There are 2 protein chains.
Amino acid sequence: MRPDKRQAILRGALSVFARDGYSRASIDGIAKEAEVSTRTLYNHFADKADLFRHVIQTSANEAAQDQIHLIERHFHKITDLEQDLVEFGKAMGAQLGHAEHFALVRQINAELTHIPAEAIEAWLDTGPHKVRKALAGELEKLGFRDPKRAAIHLLVLTLTGDPAIRGSRPDDDDIAAGVKVFLHGHDVENRRTAAT
Amino acid sequence: MRPDKRQAILRGALSVFARDGYSRASIDGIAKEAEVSTRTLYNHFADKADLFRHVIQTSANEAAQDQIHLIERHFHKITDLEQDLVEFGKAMGAQLGHAEHFALVRQINAELTHIPAEAIEAWLDTGPHKVRKALAGELEKLGFRDPKRAAIHLLVLTLTGDPAIRGSRPDDDDIAAGVKVFLHGHDVENRRTAAT
DNA sequence: CATTAAGTACCACGAGCGTTGTACTTTGGC
DNA sequence: GCCAAAGTACAACGCTCGTGGTACTTAATG
């Protein structure tokens, strides 16, 4: 069982599941996208549901890792908090541009009642919750009270374009405005600058 | 073509589409849920896609109307802004409990690439955007600068529980914290109270 | 009551899909 | 270069589904 084939399958399945969702996606389509025969697909994964679970896990893991790197990079060289948070927001927004993963997140949200609770838990733990924990940790270091909620607030204020459409990207003005609201809303003791 | 049957179909279809999504939902299942024969269903709606469009429109319309009523009711008797916004947030959160509509919204988000753009536009206009406009209008009356963004911020700060799971309900503490951040973030000239 | 529009029960079709089996080919380690 | 393991091509199964047809029943109107 060659691991390159397995990776190709996972990547192809991510594409197709993200675009079409679980039920609309067909095994044949995934196999074609991955340039693999359906038989090898079934050699690597027990069935469609099993493949879906692995795709979710893999994608969540990669995205979380990328985002955590972004967090570390941006929070280790804070000079002007507001300006740096805006930069951070823009960088996270650019991540959103890497659309496949977030389309998959939309599919997961739609399928919530059809995915076993334990798979959801696993996804949350290795994905979004891990990211939020990392962000909350950085905010705590900066002196934010209630860092867990602050992390959520920062994310929704800077990553939400049109709240009706998940994953719609805010423009730079939206991000700047969101950061401002966030900073005025969460008072910090050791804020270094409050300028602009 | 009796209109009670049409309504029954729309209600049943809402249930099934909300739970299963477009492709997983079956016409037979919808007909059974609506206690109607599939043939009458096809007598009222051209095909599955047509039915889906009507379900989206109807549900968005009803939900928007309910929410706009909520907005009017809460914003016409403002005495303590913070406390009243918390009450408003709780009332909106309770709306979220009426789960079928918001499950449908998740399905729409998942199907974004498979729904014709004009249908999305129509949905946004009669649904979420109308609600936001109403909310922004009230906030403007209260003296908020940038009321459009304020409306978005208020909604995401008070209606978001776990951002990873759309429609997850925040608890009362979350709502109170969200309102506080919102009010500190958006400075108002004629704020009446800033207590608690 | 009669007529007519609307609804129902049921069948049938064609297509797509998940999944498996089989016989053949490729590939990587000895 | 050989052999076992992995991959491929392809056919076939059983099932579900969207959709339309047809003959029968219900219900409302004059």
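The structure presented is a predicted model; accordingly, all values stated were derived computationally and were not measured. Chain A is the first sequence line, chain B the second, and so forth, proteins listed ahead of strands; every chain is numbered from 1.
- The ring-ring contact (aromatic ring centres under 6.0 Å, His included) test applied to A/H54 returns A/F45, not counting sequence neighbours.
- Between the P atom of C/dT19 and the CZ atom of A/F52 lies a distance of 14 Å, rounded to the nearest Å.
- The side chain of B/M1 has C/dA6 as its nearest neighbour among C/dA6, D/dG7, C/dG18.
- With rounding to whole Å, A/F45 atom CZ is found 15 Å from C/dG18 atom P.
- Under the ring-ring contact (aromatic ring centres under 6.0 Å, His included) criterion, B/H74 pairs with B/F88, sequence neighbours left out.
- Applying the ring-ring contact (aromatic ring centres under 6.0 Å, His included) test to A/H101 and every residue at least two apart in sequence or in another chain returns nothing.
- For the helix from C/dC1-D/dG30 to C/dC30-D/dG1, the angle separating the two terminal helix axes comes to 20°, with each axis derived from five pairs and the value rounded to 10°.
- Protein atom CG of A/L41 is 11 Å distant from nucleotide atom C1' of C/dT19, rounded to whole Å.
- Contacts of A/N109 classified as side chain to side chain donor-acceptor pair (under 3.5 Å), with partners at least two apart in sequence or in another chain: none.
- Residue pairs meeting the ring pair (Phe, Tyr, Trp, His ring centres under 6.0 Å) criterion with at least one member in residues 148-176 of chain A, sequence neighbours excluded, are A/H153-A/H186.
- With sequence neighbours excluded, the residues forming a side chain to side chain donor-acceptor pair (under 3.5 Å) with A/E111 are B/R24, listed by chain and number.
- The separation between A/I9 atom CD1 and D/dT8 atom C1' is 12 Å, rounded to whole Å.
- Going from atom CZ of A/R6 over to atom P of D/dG7 covers 11 Å, rounded to whole Å.
- In this structure, B/K5 atom NZ and C/dA6 atom C1' are separated by 10 Å, rounded to whole Å.
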Side-chain donor-acceptor distances from residues 29-42 of chain B under 3.5 Å, at least two apart:
unit_1, atom_1, unit_2, atom_2, d
B/S37, OG, B/R39, N, 3.3
B/S37, OG, B/T40, N, 3.3
B/T40, OG1, B/S37, O, 2.8

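- The phosphate of D/dA6 has neither OP1 nor OP2 within less than 4.0 Å of any side-chain N or O from A/T40.
- Under the 4.5 Å side-chain heavy-atom criterion for grouping Ile, Leu, Val, Met, Phe, Trp and Tyr, A/V179 is connected to A/F75 within one hydrophobic cluster.
- At whole-Å resolution of the value, CG in B/D4 and P in D/dA27 are 11 Å apart.
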Check your understanding: Can you give one letter per nucleotide of nucleotides 22-30 of chain C, 5' to 3': B if a protein heavy atom sits under 4.0 Å from the base, S if only from the sugar-phosphate, - if neither?
Key -> B--------
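- Put simply, B/H44 has no side-chain N or O that comes within less than 4.0 Å of OP1 or OP2 on C/dA6.
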Scan the side chains in residues 128-139 of chain B for donor-acceptor partners under 3.5 Å anywhere in the protein, sequence neighbours excluded, and list what turns up.
unit_1, atom_1, unit_2, atom_2, d
B/H129, NE2, A/D162, OD2, 2.6
B/R132, NH1, A/D162, OD1, 3.0

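- Looking at the side chain of A/Y42, the nearest of the listed nucleotides C/dG7, C/dT20, D/dT8 is C/dT20.
- Checked against side chain to side chain donor-acceptor pair (under 3.5 Å), A/Q57 has the following partners two or more places apart in sequence or in another chain: A/T126.
- Note on A/D187 versus A/R145: salt bridge recorded, some NZ/NE/NH1/NH2 to OD/OE distance being below 4.0 Å.
- Ring geometry for A/Y22 versus A/F17: interplanar angle under 30°, hence parallel rather than tilted (30 to 60°).
- Between A/K48 atom NZ and C/dC17 atom P there is a gap of 9 Å when expressed in whole angstrom units.
- For the segment residues 21-38 of chain B, the set of residues with a heavy atom within less than 4.0 Å of an atom of DNA chain D comprises B/A25, B/S26, B/I27, in numerical order.
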